[in-house]
**Q** 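Quick one: the structure is below, and I'll ask about it shortly.
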Protein chains: 2
Amino acid sequence: MSPRRPSKKPKKPNKPAQARPQRTRRDLSRDKLIAVALDLLDRKGPAALTMRAVADAVEVTPMALYNHFSSKRDLLAAVADHVISAAEFDGGHADWREQLRHCFQTLRGLCLRHPGLPGLLEREGAAPVSVFAPMEVTLRALGDAGLDEIDSTRTYFLLISFTLGQAAYQARGAIEGLEPSKQIRAERIAGRGYRVTERLDLPARWDFDASFAFGLSLIVAGVEAMASKR
Amino acid sequence: MSPRRPSKKPKKPNKPAQARPQRTRRDLSRDKLIAVALDLLDRKGPAALTMRAVADAVEVTPMALYNHFSSKRDLLAAVADHVISAAEFDGGHADWREQLRHCFQTLRGLCLRHPGLPGLLEREGAAPVSVFAPMEVTLRALGDAGLDEIDSTRTYFLLISFTLGQAAYQARGAIEGLEPSKQIRAERIAGRGYRVTERLDLPARWDFDASFAFGLSLIVAGVEAMASKR
DNA sequence: ACCTGAACACCGTTCAAGT
DNA sequence: ACCTGAACACCGTTCAAGT
């Protein structure tokens with residue numbers, strides 16, 4: 001995010017400062033590998049993101065990757081961290097409702113640009129420290145709304161499950177044709193006694209953005225109700 | 001669930017009813033394989049649920065499974081279907097709030113008994129037709145609450161994302177130690193400027209049941225607000 | 001109708017060796 | 001400090017063959 005990075009923390013100045021381009025190259029190749037992995041994930045999906053594929057893309061042996069990442073999981077966490085740290089979840093709004101919306105619409109935006117992201121965060125512990133950034137913004141906003149720490153944390157989990165779940169569903173639907181459109185349901189449901197679901201008359205193309213906005217508004221209204229109850 | 005199953009639908013009575021134990025055996029082995037796969041999933045997790053492991057458990061060659069399921073995905077869908085069809089999502093309550101609670105507490109119960117279930121439903125299209133059962137109950141309840149079809153469907157997605165997301169998080173946390181407890185956060189967060197999150201004083205053991213109940217209540221309150229707004 | 005055995009084209013990762 | 005090459009212990013699945 002910040003245009004210039006801190007100049008490689010010049011601790012221990014007593015040590016002779018002999019030029020060491022390796023340090024820089026090492027970081028560069030780490031970044032390069034993260035970029036390649038993310039590109040693979042975005043363009044070909046999670047199944048195509050293999051250590052061998054990443055290695056191939058930078059024309060190197062698979063085992064070379066293990067000089068930069070201790071495992072595939074480590075690489076995945078770095079990818080997730082790279083995506084999340086690049087975002088600003090704090091919109092700087094005075095109103096907690098706007099803060100909440102900004103925060104989770106930003107997260108949703110990341111998930112839509114990188115459809116593999118929810119899987120990275122939900123799947124086995126590839127969640128990096130940076131996931132605490134949206135948590136921080138959310139807890140502050142909900143504190144302003146009048147919730148205590150526990151209820152704020154609970155609501156945070158609700159918001160993040162909702163956001164990631166929707167985005168994952170959308171990504172999956174786009175790929176696999178699982179949207180709740182009429183013909184899909186019709187052929188899968190016929191004669192099972194799902195009277196309401198069967199008759200359901202939804203638009204041919206489900207508006208995921210509107211659906212997400214509705215969910216957010218519903219949660220905001222719920223927060224207001226819970227806060228006034230206290 | 002029901003003690004006796006319908007007697008193998010006796011359609012086409014003109015066809016000579018010569019004994020065919022194969023039919024029964026075939027179904028039996030399918031059921032057996034589903035049971036074995038579910039047991040593997042429950043006891044050893046999703047990574048241990050491989051075609052080879054299932055085959056080993058019934059002392060057969062891996063390829064024998066393909067006589068009963070066209071692919072691993074097909075088997076996974078059958079496992080999910082088996083778990084979901086055994087549940088009753090309709091509590092028969094007159095009040096839509098109670099119906100909603102019953103429906104998603106039931107789903108949550110399934111997920112806690114079978115920690116691999118959310119993964120099955122969320123992951124690549126292993127979602128069976130039976131997932132429409134909770135959808136049907138939810139749409140009816142939300143109709144009673146005063147929401148139209150579109151908003152009901154949106155709220156259904158919110159509820160299901162929330163329920164599956166929480167359960168998956170809980171299952172993962174229990175295995176990987178990712179709960180939002182004080183020490184976990186302390187060591188991962190230190191000195192990153194997450195002021196609120198850092199100071200957060202949560203109980204050592206997060207009460208997932210209470211957290212889920214809170215989320216449901218918040219959503220119910222949100223539904224009431226959205227319905228009265230109409 | 002159901003099962004076997006060998007094989008294919010993959011995985012992530014270890015280990016010993018090179019520079 | 002970084003990379004290679006061969007190997008290990010796995011995957012899901014195809015194919016041809018058996019009964």
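Within every chain, numbering begins at 1; the chains are lettered A, B, ... in the order of the sequence lines, protein sequences first and strands thereafter. Just so it is clear, the values below take in all heavy atoms, side chains as well, and ignore hydrogens, waters and symmetry mates.
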**Q** By side chain to side chain contact (heavy atoms under 4.5 Å, CB included), which residues pair with A:Ser161, not counting sequence neighbours?
**A** B:Gln166
**Q** From CG of A:Asn67 over to P of D:dA1, roughly how many Å is that when rounded to an integer?
**A** 11 Å
**Q** Just the atom pairs and distances: protein N or O near nucleotides 7-10 of chain C's N or O, under 3.5 Å.
**A**
none

**Q** What is the separation between atom CG on A:Leu49 and atom C1' on C:dG12, rounded to the nearest whole Å?
**A** 12 Å
**Q** Should we say atom NE2 of A:His102 is surrounded by more than 12 heavy atoms from elsewhere, each under 6.0 Å from it?
**A** yes
**Q** Identify which nucleotide among D:dT4, D:dT13, C:dC3 has an atom closest to any side-chain atom of B:Val60, counting heavy atoms from C-beta outward.
**A** C:dC3
**Q** A:Phe69 has an atom CZ; how far is it from atom P of D:dA1, in whole Å?
**A** 18 Å
**Q** What pairs with B:Ser71 under side chain to side chain contact (heavy atoms under 4.5 Å, CB included), at least two apart in sequence or on another chain?
**A** B:Arg73, B:Asp74
**Q** A:Tyr194: which residues meet the ring-ring contact (aromatic ring centres under 6.0 Å, His included) condition with it, sequence neighbours left out?
**A** none
**Q** Under the salt bridge (charged side-chain N to carboxylate O under 4.0 Å, His left out) rule, what pairs show up with a residue in residues 107-116 of chain B, not counting sequence neighbours?
**A** B:Arg108-B:Asp209
**Q** Using whole Å, what does the distance between atom C1' of nucleotide C:dG5 and atom CG of B:Asp56 come to?
**A** 15 Å
**Q** Tell me every residue that passes ring-ring contact (aromatic ring centres under 6.0 Å, His included) with B:Phe162, counting only those two or more places apart in sequence or in another chain.
**A** B:Phe212
**Q** Among pairs that include at least one residue of residues 131-140 of chain B, which meet side-chain hydrogen bond (donor to acceptor under 3.5 Å, both in side chains), considering only residues two or more places apart or in two chains?
**A** A:Thr197-B:Glu136, B:Glu136-B:Arg140
**Q** I need the CE-P distance between B:Met51 and C:dC3, as an integer number of Å.
**A** 13 Å
**Q** Output all residues satisfying side chain to side chain contact (heavy atoms under 4.5 Å, CB included) with B:Ala78, sequence neighbours left out; order by chain, then residue number.
**A** B:Arg30, B:Ile34, B:Phe69
**Q** Quick one, give me the B/S/- string for nucleotides 14-19 of chain D, reading 5' to 3', where B means a protein heavy atom under 4.0 Å from the base and S means that only happens at the primed atoms, P, OP1 or OP2.
**A** BB----
**Q** Does B:Leu121 reach the side chain of B:Ile84, with side-chain heavy atoms less than 4.5 Å apart?
**A** yes
**Q** Using the side-chain hydrogen bond (donor to acceptor under 3.5 Å, both in side chains) rule, collect all pairs that involve residues 36-50 of chain B, keeping only residues at least two apart or in two chains.
**A** B:Asp39-B:Arg43, B:Asp42-B:His114
**Q** Taking only side-chain nitrogens and oxygens of A:His68, does any of them come within less than 4.0 Å of OP1 or OP2 of D:dC3?
**A** yes
**Q** Expressed in angstrom and rounded to an integer, what is the separation of B:Glu59 atom CD from C:dC2 atom C1'?
**A** 17 Å
**Q** Output the rounded distance in Å from CG (A:Leu75) to P (C:dT13).
**A** 10 Å
**Q** With sequence neighbours excluded, what pairs up with B:Ala37 under the side chain to side chain contact (heavy atoms under 4.5 Å, CB included) test?
**A** B:Leu49, B:Val54, B:Leu75, B:Val79
**Q** Quick one: the dot-bracket string of DNA chain D, using Watson-Crick and G-U wobble pairs with both distances under 3.5 Å, [ ] for crossing pairs and | for bases paired to another strand.
**A** ||.|||||...|||||.||
